[in-house]
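The structure under discussion appears below in the form of structure tokens.
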Protein chains: 4
Amino acid sequence: MKRNKPKYKQIIDAAVVVIAENGYHQAQVSKIAKQAGVADGTIYLYFKNKEDILISLFREKMSIFIEKTEEVIAGKQTVSEKLYVMVENHCKLLSEDHHLAIVTQLELRQSNKDIRFKINDVLKGYLQLVDKILISGIEAGELPEDLEVRIARQMIFGTLDEVVTTWVMNDQKYNIVAQVPAIHKLLLHGCGGRN
Amino acid sequence: MKRNKPKYKQIIDAAVVVIAENGYHQAQVSKIAKQAGVADGTIYLYFKNKEDILISLFREKMSIFIEKTEEVIAGKQTVSEKLYVMVENHCKLLSEDHHLAIVTQLELRQSNKDIRFKINDVLKGYLQLVDKILISGIEAGELPEDLEVRIARQMIFGTLDEVVTTWVMNDQKYNIVAQVPAIHKLLLHGCGGRN
Amino acid sequence: MKRNKPKYKQIIDAAVVVIAENGYHQAQVSKIAKQAGVADGTIYLYFKNKEDILISLFREKMSIFIEKTEEVIAGKQTVSEKLYVMVENHCKLLSEDHHLAIVTQLELRQSNKDIRFKINDVLKGYLQLVDKILISGIEAGELPEDLEVRIARQMIFGTLDEVVTTWVMNDQKYNIVAQVPAIHKLLLHGCGGRN
Amino acid sequence: MKRNKPKYKQIIDAAVVVIAENGYHQAQVSKIAKQAGVADGTIYLYFKNKEDILISLFREKMSIFIEKTEEVIAGKQTVSEKLYVMVENHCKLLSEDHHLAIVTQLELRQSNKDIRFKINDVLKGYLQLVDKILISGIEAGELPEDLEVRIARQMIFGTLDEVVTTWVMNDQKYNIVAQVPAIHKLLLHGCGGRN
DNA sequence: GATGAATGAGAGTTCATTCAT
DNA sequence: GATGAATGAACTCTCATTCAT
């Protein structure tokens, strides 16, 4: 399994750095190889092609994202608390890794439709977590029975995404984690929940 | 003024069609020229370069968007109504022009950062409309005084954008306008408003 | 006869200015038209094509050159004196018109072979003047009978051209007319003449 | 060091052939690549851009020129002899390589000012050789003390250049080496020297 | 497994010239 | 005679991927 070999992660991390610092369209395979300390050709021993690097990058980072989110939700009882820690976790993780924030919010979006559809597939794992929170809230009677889960999920993810992207486009110069309570309040009320 | 000459709009409309049907990276200037029924060189009598076509395209379409939105809002009194017609207008306009929806939600996002920052500038005009609705709601006592307008605006736009993008990515196969009431309810409640 | 109409000279003078100030490859027909105060199309009422402008420019200026040279030679008796005033005239005329110096010594040389061959044809009138001076010198016994006139003429023109070109490439920052005595001495002795 | 790799010289030689046979403006990179037997992209592994090919071409050929000239001068004592072998060498080398003669005397001069200034820099090495001959002649008492070295050098180079260019423009149809004694005599006398 | 030299397809833009008005 | 909007051909350079070593 190539994914567990050291060079696999080495190349992905190199890709994050190179894309964040040079931009998507200036992130040539040769630059990534150099940053990773391997030869150009070596990249192709671990990845099918450039597209595969980008999707793998997103998959690797997203799996960490999902894992952590599941962890923080696990300890919470109410839908309000679950939503809160999810929003907090989302903002925190991207706050802590400036490079990753640039890559996921700005650079990777410039990729072609093919890649973006595949990225969207990976994203579904995260969106299912949101759904799970909402459904648990409905079942617990904390959220209205007639809540349109799909649209609520789109609101939650769309809002988070817009908030984070705006913050990255403003050079990450303010503290996004400080906005978590406000975001949480809007989203919870939007879903029909109360604190 | 080049913007009022017939060929200006002709080229922009051609660009929308070509980008929607071929994708951003396959939308060569020569293809746009052919679709517009002019020579390649003619494009450059009306636009500085390819980037200028894309930004102008977005600016033209967005100005129509803003204009229509202002019109529908004008006749409404409550913040709930205003928000409703804004959401409805957003979904309707993109529903009615499949090509434009593809271009703005999928294709134009593949452009480089330069273009995307300029597109974002144009977008600000629309976001200010959202702000105006929210502020009028606060002043009328329909929305809480402590509403964080900036974050609420990011929620509203982020949600609309996510909803529409998801719809486009699913080949526009369901009726998005039917979702307007649900979206409106979520957003209004999120902002702390009531019907 | 188009050559005597005011716009003919107007366009040629505009061409000199535009070429001198923008360089040969940045001297577009539209720029020349603008400088001349006429429409692009008007150029083609007076000149067959762009090449024709350049050759006509050279022909016009060269005919003045030749005329003046003939005038100054006319009053002189010895080959030494004739050569002196010719060298002096060559340096003076180009000294007095910086734009023309740039155009003939640097810019026009970037033209394609076709134009350069035609320019060479025009140049022949000037070279014949040199020949005439040399032959008169031989006939007067001031220059050796076995002087190779063709090579001597190439020396005289090649030297003048090199001297002036070097001066132009150095931004015309020194006084080239001051070098006339030295140049004259070298050329006269080279041809086997004495003062 | 790329300059010593076989493909470096291979590409330069291909450029000489292509430029000589097609003309400067018809010497596309793809043509040069084809002639060199490499892919278009390979050119850019050895040269920064097309301009770099041309300047490198001139530098390579000129360094051979200078080297050979130094060799033939080395064995000579008097300034007359040194000047003779220099003139002879100049004519011979260009006589022996028709392609190179066309390229340096006609085609390369059509390049833009940027390239021509860089070519002029390379030329300085050759001009310094001329200076060295002249100064050695003055020190040996063979040339007058008051000889203006700079102008004399411009005469020598300007004459050689004019002679060779005229010969190339006449399709190299006469024997230029046969003119060496006559050229030598003119230049030597011009400088105030005797046989 | 690792290397890196070589490949070659693909597109934005300029500008001399025309011709309907 | 004068205009100027429209034309359309033409070319450098980049970079993902391969494969002999």
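Every chain is numbered from 1 and lettered A, B, ... according to where its sequence line falls, protein lines coming before strand lines.
Closest to the side chain of C:Ala39, out of F:dT3, E:dG8, F:dC13, is F:dT3. When distances are taken from the side chain of D:Tyr44 to each of E:dG12, F:dT14, F:dA16, the shortest belongs to F:dT14. Out of E:dT7, F:dT12, F:dT17, the shortest distance to the side chain of D:Val38 is found at E:dT7. In this structure, the nucleotide among F:dC13, F:dT7, F:dT17 sitting nearest to the side chain of B:Leu45 is F:dT7. Checking E:dG8, F:dT17, E:dT13 against every side-chain atom of B:Asp40, the shortest atom distance belongs to E:dT13.
In this structure, D:Val29 reaches the sugar-phosphate backbone alone: every heavy-atom distance under 4.0 Å involves primed, P, OP1 or OP2 atoms, never a base. Nucleic acid contact for D:Gln26: sugar-phosphate only, since backbone atoms but no base atoms lie under 4.0 Å from a heavy atom of the residue. When heavy atoms are screened at a 4.0 angstrom cut-off, D:Lys7 is found touching the sugar-phosphate backbone but no base atom.
At whole-Å resolution of the value, CD in D:Gln10 and P in E:dA5 are 16 Å apart. Rounded to whole angstrom, the span from the CD atom of A:Glu51 across to the C1' atom of F:dC15 amounts to 16 Å. The nearest whole Å value for the distance from the NZ atom in A:Lys50 to the P atom in F:dA16 is 4 Å. Distance C:Lys31 NZ to F:dG4 C1': 18 Å, rounded to the nearest Å. The interatomic distance linking A:Lys5 (NZ) with E:dG1 (C1') rounds to 8 Å, in whole Å. The separation between A:Tyr24 atom OH and F:dT14 atom C1' is 15 Å, rounded to whole Å. As a whole-Å value, the separation of A:Phe47 CZ from F:dT17 C1' is 16 Å. A:Ile53 places its CD1 atom 10 Å from the C1' atom of F:dA16, with the value rounded to the nearest Å.
Remark: the backbone N or O of C:Gln110 is not paired with any side-chain donor or acceptor of D:Arg109 at under 3.5 angstrom. With D:Arg59 contributing its side chain and D:Ile119 its backbone, the two residues share no donor-acceptor pair below 3.5 Å. The main-chain N or O of A:Ile115 is found under 3.5 Å from a side-chain atom of A:Asn112 such that the two form a donor-acceptor pair.
With rounding to the nearest 0.5 Å, the separation of CG in A:Asp52 from OH in A:Tyr44 is 10.0 Å. Residue B:Leu108 holds its CG atom at 6.0 Å from CG of B:Leu54, rounded to the nearest 0.5 Å.
Both A:Ile43 and C:Gln28 lie close to DNA chain E; mapped to their nearest nucleotides by heavy-atom distance, the more 5′-ward contact belongs to A:Ile43. Heavy-atom distances to DNA chain E give each of D:Gly37 and B:His25 a nearest nucleotide, and the one nearer the 5′ end belongs to D:Gly37. Projected onto DNA chain F by closest heavy-atom contact, A:Ala27 and D:Asn49 fall at different nucleotides, the more 5' of which corresponds to D:Asn49. Positionally, the nearest nucleotide of DNA chain F for C:Gly41 lies more toward the 5' end than for the other of C:Gly41 and D:Lys48.
For D:Gln10 and D:Lys7, the side-chain atoms include no donor-acceptor pair closer than 3.5 Å. In this model, a donor atom of one side chain and an acceptor atom of the other lie less than 3.5 Å apart for A:Gln105 and A:Asp161. Checked by atom type, the side-chain pair B:Glu107/B:His25 shows no donor-acceptor distance below 3.5 Å.
Across the helix from E:dA2-F:dT21 to E:dT21-F:dA2, the helix axis at one end is tilted relative to the axis at the other end by 10° (nearest 10 degrees, each axis from five pairs).
Between E:dT3 and A:Thr42, a contact under 4.0 Å exists linking OP1 or OP2 to a side-chain N or O. A sub-4.0 Å separation between OP1 or OP2 of E:dA6 and a side-chain N or O of D:Tyr46 is present.
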